[in-house]
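Along the sequence shown, residues are numbered consecutively beginning with 1.
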Amino acid sequence: MLKIIILIVGVGLIGFILWWFFGKHETAAVQANVEADQQTVAVEVKGGYSPEVVVLKQGVPATLNFTRKDASGCLDRVVFPDWGINQALPQNEAQAIQIDTSEAGEYQWACGMDMFHGKVIVKP
């Protein structure tokens, strides 16, 4: 009987791990407000990125302000491979990153270890 309980718990844990790492999770998208021909979005870095998805308007200069509240070394950098950005994020300080909105599309960002991800969507 004990072996059956251990088996059930083990299979349950494996299922949970698979769901956690590979399951499709809902992420809220934040639409940037355009004020004085500028778009700005604050992104909190704490166990991941919040928000994970940022929607920007094409052709309007944009800035993402990353504030790292997590002491983890994994989240101490943010990388935008499409734009060649690899920026250090000092803890508890806002770090402004200018975003190229000249072309519509979806652009990924990640932490320095490529474990946590986010996305910028530039819409016409």
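Smallest separation of non-hydrogen atoms from Gly47 and Asp70: N-OD2, 2.8 Å. Of all heavy-atom pairs spanning Gln58 and Ser102, the tightest one is NE2-O, 3.0 Å. In plain terms, the two heavy atoms of Leu75 and Cys111 that are nearest each other are CD2-CB, 3.9 Å. Nearest heavy atoms, Leu56 versus Gln39: CA-OE1, 3.3 Å. Gly112 approaches Val79 most closely through the heavy-atom pair CA-CG2, 4.2 Å. The minimum heavy-atom distance between Glu44 and Lys69, with the atom names listed, is OE2-NZ, 3.0 Å.
We find the CG-CD distance between Asp82 and Glu103 to be 10.5 Å, quoted to the nearest 0.5 Å. Distance CD/Gln31 to NZ/Lys123: 6.5 Å, rounded to 0.5 Å.
More than 12 heavy atoms of other residues, nucleotides or ligands shown are found within 6.0 angstrom of CD on Gln98. Shown here is Asn92, whose CG atom has more than 12 heavy atoms of other residues, nucleotides or ligands within 6.0 Å.
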> What's the verdict on side-chain contact (heavy atoms from CB on, under 4.5 Å) for Tyr107 and Ile99, showing C-alpha distance, side-chain angles and the deciding distance?
Replying inline: CA-CA 10 Å; Tyr107 305 93; Ile99 301 299; over 6 Å; no
>> side-chain contact (heavy atoms from CB on, under 4.5 Å) for Arg77 and Asn86? Distances and angles first, verdict last.
In response: CA-CA 7 Å; Arg77 302 195 77 72; Asn86 186 338; 2.6 Å; yes
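Val11 and Ile14 sit in two unconnected hydrophobic clusters of ILVMFWY residues. Membership requires side-chain heavy atoms under 4.5 Å apart, directly or through other members. The hydrophobic cluster containing Val60 does not contain Val54, counting ILVMFWY residues as joined when their side-chain heavy atoms lie under 4.5 angstrom apart, directly or transitively. Using a 4.5 Å cut-off between side-chain heavy atoms of Ile, Leu, Val, Met, Phe, Trp and Tyr, with links allowed through other members, Phe16 and Leu18 fall into the same hydrophobic cluster. No chain of hydrophobic side-chain contacts below 4.5 Å, direct or via other Ile, Leu, Val, Met, Phe, Trp or Tyr residues, connects Val53 to Val34.
You'll find the side chain of Arg68 reaches within 4.5 Å of the side chain of Asp76, heavy atoms only.
Every residue two or more places apart in sequence or in another chain that forms a ring pair (Phe, Tyr, Trp, His ring centres under 6.0 Å) with Phe80 is listed here: Trp83, Trp109.
Among residue pairs with one or both ends in residues 2-16, none qualify as salt bridge (charged side-chain N to carboxylate O under 4.0 Å, His left out); sequence neighbours excluded.
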